[in-house]
There are 2 protein chains.
Amino acid sequence: MSEDPEGDTLAKGRPTLRLQDVAEAAGVSIATASRSLSRTAGVSEEVAERVRGVARDMGYVANVHARSLAGGASRSVGLVVHEIGDPYFTEIASGVLRVGAREGLTVQICHTGRDPQQELEQIRTLIANRVGAIVIAGSGFVDPADQAAAKADLASYRRFGGRVAVIGRHHLSADAVLPDNLTGGRAVARHLLDLGHRRIAVVAGMRSLTTVADRLAGIEEAFAAAGIPFADVPVVEAPFTRLGGKQAAEEILAAHPDVTAILALNDDMAIGVLSVLRDRGIAVPGRMSVTGFDDVAVAVDLAPALTTVRLPMVDMGEQALLMALKEPSARPRRRTAECDLVVRDSTAVPES
Amino acid sequence: MSEDPEGDTLAKGRPTLRLQDVAEAAGVSIATASRSLSRTAGVSEEVAERVRGVARDMGYVANVHARSLAGGASRSVGLVVHEIGDPYFTEIASGVLRVGAREGLTVQICHTGRDPQQELEQIRTLIANRVGAIVIAGSGFVDPADQAAAKADLASYRRFGGRVAVIGRHHLSADAVLPDNLTGGRAVARHLLDLGHRRIAVVAGMRSLTTVADRLAGIEEAFAAAGIPFADVPVVEAPFTRLGGKQAAEEILAAHPDVTAILALNDDMAIGVLSVLRDRGIAVPGRMSVTGFDDVAVAVDLAPALTTVRLPMVDMGEQALLMALKEPSARPRRRTAECDLVVRDSTAVPES
DNA sequence: AGCGCTTTCGTAAGCGCTTTCGGTTACTGT
DNA sequence: ACAGTAACCGAAAGCGCTTACGAAAGCGCT
């Protein structure tokens with residue numbers, strides 16, 4: 001045991017090295033050591049470099065808790081998602097983690113499980129944890145009271161230097177990166193209409209989600225532009241998940257057996273739709289065209305490869321965090337992410 | 001602004017309420033308040049309940065940094081993964097996050113990007129962050145020096161109360177939850193052999209990963225049991241990703257056009273293989289059977305639905321964290337996760 | 001009544017860091 | 001040579017909490 005100098009030091013009663021240990025080793029005060037390591041002005045470059053060298057050699061890593069308790073600012077950020085297993089959030093998380101790693105920030109990820117109460121609680125915890133920034137990717141407030149409470153908390157958080165960015169919704173008066181859902185919705189709908197489909201069904205998530213509302217609005221526009229009434233189009237609401245897609249597909253097949261295309265409002269639901277169609281022996285795109293939205297990683301590898309709307313989710317995650325990290329601006333910034341139609345093999349001209 | 005009482009209080013110069021504010025409001029000392037909130041002995045239940053009530057009403061949330069700086073113990077845990085976008089890690093993360101939420105712990109997720117240096121650094125950061133437990137799901141140490149360094153750090157971390165659990169490898173002498181890769185490998189291989197396949201190719205990740213090695217060993221056992229030589233079986237190593245699967249498939253198709261089954265060592269690679277076969281117009285399972293490993297969420301929704309080995313990844317994530325949270329035991333605990341063969345539509349009796 | 005004991009609560013000492021403020025030194029100008 | 005300035009560094013005061021430790025109060029006992 002004593003042949004291991006580091007283990008020995010640590011065994012002296014402390015789990016890790018303290019700044020004081022580094023300062024002593026370098027022959028300076030802890031104030032100087034602190035300034036050297038955090039690159040604050042007031043130390044000659046010569047001394048600072050020496051201290052940093054000593055710290056590096058000793059394997060010193062600052063205690064974040066002490067750091068943020070003393071300094072206020074924190075080297076960690078929070079990410080709120082509905083469910084990390086949902087590929088939409090997975091990719092966003094990937095982007096956020098990537099930027100986090102690059103900037104030397106630790107990322108705390110919170111599940112809300114699509115429960116507004118949980119969401120509020122998670123946001124509060126994040127604030128209490130004094131994270132430097134909060135990225136809210138999954139926000140599902142429906143009750144105005146909850147939303148107001150969150151808004152108030154975030155406002156006071158921001159007032160004290162906290163940064164907030166929201167992805168996909170613009171209801172918390174924070175910086176936001178917003179996919180151009182309207183254009184995307186218009187594009188898929190138009191694609192289907194251009195192919196000649198007239199009996200189209202829409203598989204949607206809950207309309208209370210702005211994402212759903214925007215995509216639907218785009219679709220409606222496309223119908224209007226084509227001079228086709230949208231009122232008769234069946235829009236089935238179901239959970240924004242694969243299972244929800246299955247349920248919706250069953251429902252459509254039962255109630256509207258004559259539809260020739262199913263337009264799902266996200267890929268996860270589209271995958272559910274495809275699996276139901278496969279089980280029923282309904283050929284895609286032969287007898288039924290199917291479209292998704294998001295272009296999750298597997299979309300291209302499905303059979304048939306899914307026609308969908310590409311959303312740069314990893315990018316959006318990166319952008320959101322970067323935006324939050326920037327100097328705060330007086331009024332919320334907006335950044336729109338392009339939605340591009342990606343035509344693959346799940347759509348075709350309708351049969352006869 | 002003054003009509004918002006909470007905003008007003010907060011605006012007094014502090015981002016959030018302090019324990020002292022609660023103590024004053026409840027008419028007790030901060031020591032008593034602390035004890036009441038953390039449910040430490042030494043306070044009458046009556047007083048404690050009152051303090052908790054006050055705190056709840058005020059919306060007080062303790063500052064974790066102060067908490068863990070003072071108390072040592074921390075209410076957060078770390079999770080190390082290669083890449084959150086990889087579905088294997090996504091599901092594990094989902095399990096860890098679920099337990100975290102249930103236990104009121106915040107979870108810090110770190111990407112290693114499959115880089116051992118990054119991994120080491122991330123582990124060190126987590127230790128410096130004083131997380132209460134570390135779950136290492138993606139460990140890719142190959143250089144013994146790196147591994148030893150990590151082991152030393154983790155050992156000293158544990159000596160001071162830190163908890164460590166590893167998923168899928170058992171090289172850091174920590175608690176581990178280990179999928180029964182051997183049995184799983186044996187099962188898929190046997191399935192293919194039972195169907196009558198004799199010209200089988202294996203699509204593997206890097207052999208240096210114990211996961212890969214174990215699964216291969218199981219496969220070899222199945223061949224041995226069937227009295228079929230394994231030496232001639234082509235084993236193509238490629239990155240453990242969808243793209244790797246594609247590369248491997250191309251290679252196999254070029255070098256061994258006569259194989260009737262491709263056994264991929266994870267689903268991601270299998271998905272890549274399937275997409276190559278689809279592009280080439282090779283029918284699955286008609287002309288080629290394909291198997292995966294892991295049973296990621298989409299496996300069942302692929303076309304054809306993938307025959308694979310189910311690994312309870314969400315469960316494994318939950319188990320790992322729960323295990324780490326338990327009282328530490330003298331010697332590392334092991335928990336094996338069952339691997340069940342799931343036969344679906346991507347395998348069949350070979351043609352002719 | 002006085003003694004020890006237990007229970008309940010408050011006082012105060014840190015946890016490891018950042019940062020203000022004051023002191024020291026080195027340098028300029030006269 | 002000396003005042004004035006700037007650059008650098010150290011002492012010490014917290015950040016908000018936990019947790020010894022000690023004080024006070026209530027209890028049964030002699």
Side-chain angles (χ1 to χ4, degrees), chain A residues 9-10 12-52 55 58 60-76 125 127-130 132 160-161, chain B residues 10 12-52 55 58 60-76 125 127-132 160-161:
Chain A
T9 314
L10 294 175
K12 287 244 190 299
R14 293 183 187 289
T16 62
L17 293 163
R18 289 164 311 164
L19 183 56
Q20 191 182 336
D21 301 324
V22 176
E24 279 170 10
V28 296
S29 72
I30 62 169
T32 303
S34 168
R35 281 187 278 249
S36 305
L37 295 177
S38 53
R39 307 187 120 78
T40 323
V43 183
S44 65
E45 191 44 44
E46 188 189 358
V47 174
E49 190 45 54
R50 183 162 52 84
V51 173
R52 283 195 286 265
M58 297 174 82
Y60 170 78
V61 186
N63 180 323
V64 268
H65 297 301
R67 233 176 187 201
S68 81
L69 186 57
S74 134
R75 298 304 294 165
S76 74
T125 305
I127 295 178
N129 284 13
R130 295 294 193 290
F160 289 93
Chain B
L10 294 175
K12 288 246 190 298
R14 296 183 183 290
T16 64
L17 293 163
R18 290 163 311 165
L19 183 55
Q20 190 182 338
D21 302 325
V22 176
E24 279 170 10
V28 297
S29 72
I30 64 169
T32 303
S34 169
R35 281 187 277 250
S36 304
L37 294 177
S38 54
R39 308 187 120 78
T40 322
V43 183
S44 64
E45 192 44 45
E46 188 189 359
V47 173
E49 190 44 55
R50 182 161 55 84
V51 173
R52 282 194 288 265
M58 298 174 79
Y60 169 78
V61 186
N63 180 323
V64 269
H65 297 300
R67 238 183 181 189
S68 82
L69 185 56
S74 133
R75 299 303 295 164
S76 75
T125 305
I127 295 178
N129 284 13
R130 294 292 193 290
V131 295
F160 289 93

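What you see is a predicted model; the values in this text were computed from it and never measured. Below, chains carry the letters A, B, ... as their sequence lines are ordered, and counting in each starts from 1.
Residues forming a side chain to side chain contact (heavy atoms under 4.5 Å, CB included) with A:Q20 (at least two apart in sequence, or on another chain): A:R18, A:E24, A:I30. Evaluation of the side chain to side chain donor-acceptor pair (under 3.5 Å) rule for A:S44 yields no partner, not counting sequence neighbours. For A:R52, the side chain to side chain donor-acceptor pair (under 3.5 Å) partners two or more places apart in sequence, or in a different chain, are A:E45, A:E49. Scanning for side chain to side chain donor-acceptor pair (under 3.5 Å) contacts around B:S34 gives an empty result, with sequence neighbours left out.
Computed from coordinates, the B:L19 CG to D:dT18 C1' distance equals 10 Å when rounded to whole Å. Between the P atom of C:dC17 and the CG atom of B:N129 lies a distance of 12 Å, rounded to the nearest Å. With rounding to whole Å, B:R50 atom CZ is found 14 Å from C:dT8 atom P. What separates CG of B:N63 from P of D:dT18 is a distance of 10 Å, to the nearest Å. Distance CD (A:E46) to P (D:dC8): 10 Å, rounded to an integer number of Å. Protein atom CG of A:D21 is 9 Å distant from nucleotide atom P of C:dG16, rounded to whole Å. Whole-Å rounding puts the A:R67 CZ to C:dC17 P distance at 9 Å. Atom P of nucleotide C:dT18 and atom NE2 of B:H65 are separated by 13 Å, given to the nearest angstrom.
Base-pairing analysis of DNA chain D finds the following stems of at least three consecutive Watson-Crick or G-U pairs, with both pairing distances under 3.5 Å: C:1-30 with D:1-30.
Distances from the side chain of A:L69 to the nucleotides C:dC17, D:dG16, D:dC9 place D:dG16 closest.
Applying the 4.0 Å criterion to OP1 and OP2 of D:dA7, one finds that A:S44 has every side-chain N and O outside that range. For C:dG16, the OP1/OP2 oxygens have no side-chain nitrogen or oxygen of A:Y60 closer than 4.0 Å.
For the residue pair B:A33 and B:A23, the shortest heavy atom distance occurs at CB-CB, 4.0 Å. Residues B:M58 and B:V22 come closest through the heavy atom pair SD-CA, 4.0 Å. Contact record, A:S36 with A:A48: OG-CA, 3.5 Å, taken as the closest heavy-atom pair.
Between B:A66 and B:G42, the residue whose closest nucleotide on DNA chain C is further toward the 5' end is B:G42.
Atom-to-atom distance recorded for A:T32:OG1 and A:L19:CG is 10.0 Å, nearest 0.5 angstrom. In this structure, the separation between CG on B:L69 and CZ on A:R67 is 13.5 Å, given to the nearest 0.5 Å.
At a threshold of 4.0 angstrom between heavy atoms, the contacts of B:V47 are confined to the sugar-phosphate backbone, with no base atom among them. Across all strands shown, B:V28 has heavy atoms under 4.0 Å from sugar-phosphate atoms exclusively, and none from any base.
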Can you name the atoms? Protein N/O to nucleotides 19-21 of chain C N/O, anything below 3.5 Å, with the distance.
{"residue": "C:dT20", "atom": "O4", "partner": "A:R35", "partner atom": "NH1", "Å": "3.4"}

